[in-house]
Amino acid sequence: MTHGQLATRQSFRKPKSLAMSTFDVERARFNMVEQQIRTWDVLDPAVLELLFTVKREEFVPGAYRSLAFADLEIPLGDGQRMWTPKLEARVLQVLAVKPDEHVLEIGTGSGYFTALLAARGARVTSVELDAGRAAAARATLVRHGFERVRVEVGDGARGFGRDAYDAIVLTGSTPVLPDAFVAQLVPGGRLFAIVGDAPVMAARLVRRSAAGAPVATNLFETVVPPLVNAAQPARFTF
């Protein structure tokens with residue numbers, strides 16, 4: 001499948017045994033990087049290194065831990081899913097977050113992508129609608145030493161708060177991209193969002209120019225579950 005083709009979801013069964021030896025985990029991690037990540041044009045050495053140091057399996061629900069490195073969207077409950085490993089890595093590379101930048105993440109999920117952003121040295125404000133999921137992600141992040149992360153409970157589908165950010169990432173899709181997100185970027189800031197409706201959505205990078213005008217680039221096609229309460233296009237009625 002080429003990068004421009006629609007990514008298809010893969011079904012899977014819950015494994016009978018969740019036991020994984022240290023050797024199996026590290027071999028699976030290595031295979032994930034070599035067979036999934038590199039082949040999707042993720043070649044930034046700093047990004048690849050983080051995939052070895054930030055332990056993805058620690059952020060996967062226990063029932064699916066043995067599938068932590070598979071090319072799958074792992075269920076988180078209520079119809080929400082973790083991104084595939086290759087999508088996480090590709091977006092991390094695209095955003096090119098620098099140390100001490102302030103990043104807004106809409107949709108904390110398990111907290112894994114939050115951890116990757118924080119591991120790049122960013123200050124991360126992550127917003128999660130589900131209070132239980134937010135608490136679980138917060139606890140996991142603290143347990144693994146990610147202290148420059150603030151997990152907020154709230155609805156960030158159309159923007160969040162009044163702060164300005166160097167980078168913003170939406171982990172759920174949105175049929176239309178609200179202008180509020182671009183308004184929250186500092187000049188030179190970057191926004192990643194997956195925009196559109198199934199079966200075709202566009203992964204989009206928006207940069208805010210020094211003059212304040214947004215410049216959008218569609219990167220590839222994919223499909224991920226929408227943000228709860230995502231903005232909808234105007235519908236014509238007759």
**Message:** Quick check: closest heavy atoms across Pro214 and Val206, and the distance to 0.1 Å?
**Reply:** CB-CG1, 3.8 Å
**Request:** State yes or no: do Leu170 and Val195 share one hydrophobic cluster built from I, L, V, M, F, W and Y residues joined by side-chain heavy-atom distances below 4.5 Å, directly or via other members?
**Result:** yes
**Message:** Measuring from atom OH of Tyr64 to atom CZ of Arg81, what distance do you get when rounded to the nearest 0.5 angstrom?
**Reply:** 10.0 Å
**Residue pairs passing the salt bridge (charged side-chain N to carboxylate O under 4.0 Å, His left out) test where at least one lies in residues 119-129, sequence neighbours excluded** = Glu128-Arg133
Please tabulate, one pair per line, all N/O donor-acceptor pairs under 3.5 Å involving side-chain atoms of residues 179-188, not counting sequence neighbours.
residue, atom, partner, partner atom, Å
Gln184, OE1, Phe160, N, 3.0
Gln184, NE2, Phe160, O, 2.8
Gln184, NE2, Asp163, O, 2.9

**Message:** Taking salt bridge (charged side-chain N to carboxylate O under 4.0 Å, His left out) as the cut-off, I'd like each qualifying pair that reaches into residues 137-148, sequence neighbours left out, listed once.
**Reply:** Asp100-Arg148
**Prompt:** With side chains defined as the heavy atoms from C-beta onward, is the minimum distance between Glu58 and Arg65 less than 4.5 Å?
**Reply:** yes
**Item:** Hydrophobic cluster identity match, Leu92 and Phe69, side-chain contacts under 4.5 Å
**Value:** yes
**Prompt:** Where is the tightest heavy-atom contact between Leu87 and Phe220, given as atom of each residue plus distance?
**Reply:** CD1-CZ, 3.7 Å
**Minimum heavy-atom distance between Thr171 and Gly107, given as atom pair plus value** = OG1-O, 2.8 Å
**Request:** State which residues pass side chain to side chain contact (heavy atoms under 4.5 Å, CB included) with Lys98; sequence neighbours excluded, sorted by chain then number.
**Result:** Glu101
**Message:** Is it the case that atom CZ in Arg29 sees more than 12 heavy atoms from other parts of the structure closer than 6.0 Å?
**Reply:** yes
**salt bridge (charged side-chain N to carboxylate O under 4.0 Å, His left out) contacts in which one or both residues fall within residues 210-219, not counting sequence neighbours** = none
**Message:** Run the side chain to side chain donor-acceptor pair (under 3.5 Å) test against Thr84 and tell me which residues pass, sequence neighbours left out.
**Reply:** none
**Prompt:** Is it true that Val176 and Met201 fall in one hydrophobic cluster, defined by side-chain heavy atoms closer than 4.5 Å?
**Reply:** no
**Qualifying residue, where the test is side chain to side chain contact (heavy atoms under 4.5 Å, CB included) with Leu129 and the options are Ile106, Asp155, Leu227** = Asp155
**Asked** Between Arg204 and Ala193, is there a donor-acceptor pair closer than 3.5 Å when you use the side chain of the first and the backbone of the second?
**Response** no
**Interatomic distance, Lys86 atom NZ to Thr222 atom OG1 [nearest 0.5 angstrom]** = 8.0 Å
**Prompt:** Between the side chain of Gln93 and the main-chain N/O of Asp41, is any donor-acceptor distance below 3.5 Å?
**Reply:** yes
**Prompt:** In Å, rounded to the nearest 0.5 Å, how long is the span from OG1 of Thr125 to NE2 of His102?
**Reply:** 3.0 Å
**Prompt:** So do the side chains of Leu117 and Val169 get within less than 4.5 Å of each other, counting heavy atoms only?
**Reply:** yes
**Message:** Among residues at least two apart in sequence or on other chains, which ones pass side chain to side chain donor-acceptor pair (under 3.5 Å) with Asn31?
**Reply:** none
**Prompt:** Could you give the distance from CG (Asp71) to CH2 (Trp40), rounded to the nearest 0.5 Å?
**Reply:** 9.0 Å
**Request:** Search all heavy atoms of Ser173 against all heavy atoms of Ala230 and return the closest pair with its distance.
**Result:** O-CB, 4.0 Å
**Prompt:** Looking at Val223 and Glu73, what are the two nearest heavy atoms and their distance?
**Reply:** O-OE2, 3.4 Å
**Message:** If the condition is side chain to side chain contact (heavy atoms under 4.5 Å, CB included), which residues does Glu34 pass it with, not counting sequence neighbours?
**Reply:** Phe30, Arg38
**Item:** All side chain to side chain donor-acceptor pair (under 3.5 Å) counterparts of Asp44, not counting sequence neighbours
**Value:** none
**Message:** Counting C-beta onward and ignoring hydrogens, is there a side-chain heavy-atom pair between Leu51 and Arg56 closer than 4.5 Å?
**Reply:** no
**Request:** With sequence neighbours excluded, tell me which residues meet side chain to side chain contact (heavy atoms under 4.5 Å, CB included) with Ala118.
**Result:** Val124, Phe146, Val149
**Val228 side chain near Gln80 side chain, heavy-atom distance below 4.5 Å** = yes
**Request:** Please round to the nearest 0.5 Å and tell me the distance separating atom CD1 of Ile37 and atom OG1 of Thr39.
**Result:** 7.5 Å
**Message:** Can you list everything that forms a side chain to side chain contact (heavy atoms under 4.5 Å, CB included) with Ser110? Sequence neighbours excluded, please.
**Reply:** Phe59, Leu76, Met82, Tyr112
**Asked** So which heavy atom on Ala137 is nearest to which on Gly109, and how close?
**Response** CB-O, 3.7 Å
**Asked** Can you hop from Val224 to Leu104 via hydrophobic side chains spaced under 4.5 Å?
**Response** no
**Message:** Taking Leu191 as the starting point, is it possible to reach Tyr165 by hopping between hydrophobic residues whose side chains are less than 4.5 Å apart?
**Reply:** yes
**Request:** Only pairs at least two apart or in different chains count here, so list each ring pair (Phe, Tyr, Trp, His ring centres under 6.0 Å) that has a residue in residues 188-207.
**Result:** none
